[in-house]
Protein chains: 2
Amino acid sequence: MLTPERHRKIIEVLGEKSVVTIQELVEATSSSESTIRRDLSQLQKEKKLKRVHGGASLTHQKSEELSVFEKSDRNSLEKQRIAQYAGDLVETGDCIYLDAGTTTLKMIPHLKDREITVVTNAISHLEALSEHEIKTYLIGGLVKSKTKALVGSSAIKNLSSYRFDKVFLGMNGIHIEAGFTTPDPEEAAVKGLAISLSQNAFILADHTKFNETSFSKVADLSEAIIITNEIDDDVIYDFQDKTEIRVVTP
Amino acid sequence: MLTPERHRKIIEVLGEKSVVTIQELVEATSSSESTIRRDLSQLQKEKKLKRVHGGASLTHQKSEELSVFEKSDRNSLEKQRIAQYAGDLVETGDCIYLDAGTTTLKMIPHLKDREITVVTNAISHLEALSEHEIKTYLIGGLVKSKTKALVGSSAIKNLSSYRFDKVFLGMNGIHIEAGFTTPDPEEAAVKGLAISLSQNAFILADHTKFNETSFSKVADLSEAIIITNEIDDDVIYDFQDKTEIRVVTP
DNA sequence: CATTTTTCAATCATAAACAATCAAAAATAA
DNA sequence: TTATTTTTGATTGTTTATGATTGAAAAATG
């Protein structure tokens, strides 16, 4: 296996799992431990990952102080766990909506081998979906070139012709009074509609999103179930009057 | 095997695999290691690939250039000219439909700097469209994982809500009696509908498509204008009774 | 805390891949 | 045809990547 191929594989595995052991990589690439160690050193130098004892973990591109480094690492792992939990909720035969966003993207590997149908507004999810052989519908609409998501009135019209068993969304702000919020009004409209199209709407959010508000309101707290993890008990206490909140324990 | 042929082959293999070993190329071209090494050096100098120990890997290129190389046919230049002619037909303010396919993809660089709106069913065109900052709508529908095009009843429904100044389509077969044909029935349905949504539908086809028929009928010859080049005079004579045919001269 | 186990970086021999060179073969020109 | 240039494949010594081995360092265990 050639070096760039190996590197790509390593990054790919990390993208799906957030943390990986050297042994796993040795197997995945059928090369020796020494080689993997060298690869990891190099990729670390290129800031593509962070070495940890026994393997490697994702790193966020932000090159700030060390504590922040660790924090963003933990977030990614957090997202990973949330994504896995959410993925496990999906049952054979379900028709689900998958919103654009990094957490929902991480759900895809966990949707494998169930005969489900996915509807999405995220062009960036298509590759992973097709890799895992999942039947996929894209809603129509204006292509937002920055985020590669579909928005606009035509997206709304198109989306409203579907109904879902379950809906999974990312969210930027979750607040007791402001409810669910997100920066972009157009994306907010799409998210809000998606929530209303299913009896089971799930918001995937790590702890950093709580008590934050963003520009555009998507929905009231009561309209969707929150999936999160590593959150203070008093925060849960505050929210559980307003909506169902599920905490994923590691 | 001739040098340009070898080079094309190398790029083609790379397009499919991203990374390739020298040994694989030696086999694929039945030439010696030395020759392949020389080829790789040269192609690297031309920025077409990047050499790595043991072989070569893709460099990041603009999407339309990439797919130009993927198709290793000598018709590539022909398609290029047709695409340019078609691109020049588009006027400021136009709203056009761009079908999936290699020739229509090549139109995109020629659409620059006019304030147009593009509607397409081709996910593979999005990157190039966004690179050239063209306002783009995607129709909704089922994602066909092989061709990355949108098809199905939902695509049809979605597409039928638009009207276009001009429509540009690729086509597999053009035949005096069978009309316009293409292998996939689902894609044929989308193409056929697109043609009916504009007063100006253009079929982009190099000379190899003439007097060929494929499985699914898209439309009658009279429904669209054919753009082609390098075609025998007697073929033109046959067709010009049935429809308008424009020959792009180099 | 001491001990055991695992993981690590450094070193080294080996095998693979490399650039450079050269002669034969093929293509082109005279 | 012959002469000249270009392309090719084999050979050379050199460089690079790899995997095994080692003792040191770090976690895990008791």
Side-chain angles (χ1 to χ4, degrees), chain A residues 1-59 65-74 76-78 80-81 230 249-250, chain B residues 1-59 69 72 74 77:
Chain A
M1 202 176 221
L2 262 36
T3 311
E5 205 177 345
R6 240 173 21 239
H7 286 195
R8 226 162 27 95
K9 187 88 197 173
I10 292 172
I11 299 293
E12 186 192 325
V13 171
L14 260 178
E16 285 189 4
K17 303 203 16 169
S18 289
V19 253
V20 67
T21 67
I22 297 227
Q23 280 315 311
E24 284 172 316
L25 293 174
V26 166
E27 271 187 50
T29 62
S30 22
S31 32
S32 74
E33 212 177 290
S34 306
T35 301
I36 296 295
R37 282 182 201 293
R38 271 185 286 257
D39 287 340
L40 293 184
S41 306
Q42 192 182 336
L43 287 168
Q44 175 168 250
K45 232 181 275 169
E46 295 168 17
K47 303 267 166 72
K48 303 269 179 67
L49 52 76
K50 189 179 166 204
R51 293 191 69 178
V52 295
H53 198 86
S57 94
L58 275 185
T59 170
E65 45 183 315
L66 210 99
S67 65
V68 178
F69 242 103
E70 285 168 358
K71 196 175 168 187
S72 67
D73 266 351
R74 224 175 45 223
S76 162
L77 226 155
E78 218 174 320
Q80 187 59 49
R81 293 213 183 95
E230 293 188 28
T249 47
Chain B
M1 201 176 226
L2 264 39
T3 309
E5 200 179 347
R6 239 172 23 238
H7 286 196
R8 249 199 341 259
K9 186 89 196 172
I10 292 173
I11 298 294
E12 186 192 331
V13 171
L14 258 179
E16 284 167 11
K17 302 204 5 167
S18 292
V19 209
V20 68
T21 66
I22 298 232
Q23 281 316 310
E24 285 171 319
L25 293 174
V26 166
E27 273 188 49
T29 62
S30 20
S31 32
S32 74
E33 213 176 289
S34 307
T35 302
I36 297 294
R37 280 181 203 292
R38 271 186 288 259
D39 288 340
L40 292 185
S41 305
Q42 192 182 335
L43 287 167
Q44 175 167 252
K45 232 180 274 168
E46 296 168 17
K47 305 268 171 75
K48 305 263 177 74
L49 51 77
K50 188 172 155 222
R51 292 192 69 178
V52 297
H53 198 89
S57 90
L58 273 186
T59 55
F69 287 119
S72 60
R74 63 182 186 293
L77 206 100

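Convention: sequence-line order gives letters A, B, ...; per-chain numbering from 1. Predicted, not measured: the structure shown is a model, and the values here were computed from it.
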Exercise. Under 4.0 Å between a Lys/Arg side-chain N and an Asp/Glu carboxylate O for B:Lys9 and B:Glu5?
Worked result: no
Show me the protein contacts with nucleotides 11-18 of chain D, counting only N or O atoms at under 3.5 Å.
| residue | atom | partner | partner atom | Å |
| --- | --- | --- | --- | --- |
| D:dT18 | OP1 | A:Arg6 | NH1 | 2.8 |
| D:dT18 | OP2 | A:Arg6 | NH2 | 3.3 |

Exercise. Within the distance-only criterion (no hydrogens, no angle test), does the side chain of A:Arg6 pair as donor or acceptor with the backbone N or O of A:Met1 below 3.5 angstrom?
Worked result: yes
Exercise. Are B:Lys48 and B:Gln42 side-chain neighbours, meaning at least one heavy-atom pair lies under 4.5 Å?
Worked result: no
For this session: Could you state the atom-to-atom distance from CD of A:Gln23 to C1' of D:dG19 in whole Å?
Result: 14 Å
Exercise. From the 5' end of DNA chain C to its 3' end, which nucleotides mark the outer limits of contact with chain A, defined by a 4.0 Å heavy-atom distance cut-off (strictly under)?
Worked result: C:dT7 to C:dA9
For this session: Give the rounded distance in Å between these two atoms: CD of B:Gln42 and C1' of D:dT6.
Result: 13 Å
Exercise. With a non-hydrogen cut-off below 4.0 angstrom, is B:Val26 in contact with a base, only sugar-phosphate, or nothing?
Worked result: nothing
Exercise. If you find the nucleotide of DNA chain D closest to B:Ser30 and the one closest to A:Ile36, which residue's nucleotide is nearer the 5' end?
Worked result: B:Ser30
For this session: Quantify the bending of the helix from C:dC1-D:dG30 to C:dA30-D:dT1 as the angle between its end axes, each fitted on five pairs, to 10°.
Result: 30°
Problem set entry | Minimum heavy-atom distance between A:Asp39 and A:His7, given as atom pair plus value | OD1-NE2, 3.0 Å
For this session: Considering non-hydrogen atoms only, spot the tightest contact between A:Pro4 and B:Val19 and give its length.
Result: CG-CG1, 3.9 Å
Seminar exercise, completed: Smallest heavy-atom separation, B:Leu40 atom then B:Ala56 atom, equals CD2-CB, 4.0 Å
Exercise. Counting only N and O atoms by type, is there a donor-acceptor contact under 3.5 Å from the side chain of B:Glu24 to the main-chain atoms of B:Thr21?
Worked result: yes
Problem set entry | Spacing of A:Arg51 atom CZ relative to D:dA26 atom P, expressed in whole Å | 13 Å
Exercise. Can you check side-chain hydrogen bond (donor to acceptor under 3.5 Å, both in side chains) on B:Gln44 and B:Ser41, steps first, answer last?
Worked result: CA-CA 5 Å; B:Gln44 175 167 252; B:Ser41 305; over 6 Å; no
Problem set entry | Side chains of B:Val20 and B:Leu25 in contact at under 4.5 Å (non-hydrogen atoms) | yes
Exercise. Should we say atom CD of A:Glu46 is surrounded by more than 12 heavy atoms from elsewhere, each under 6.0 Å from it?
Worked result: yes
Exercise. Any sub-3.5 Å donor-acceptor pair from B:Thr35's side-chain atoms to B:Ser31's backbone N or O?
Worked result: no
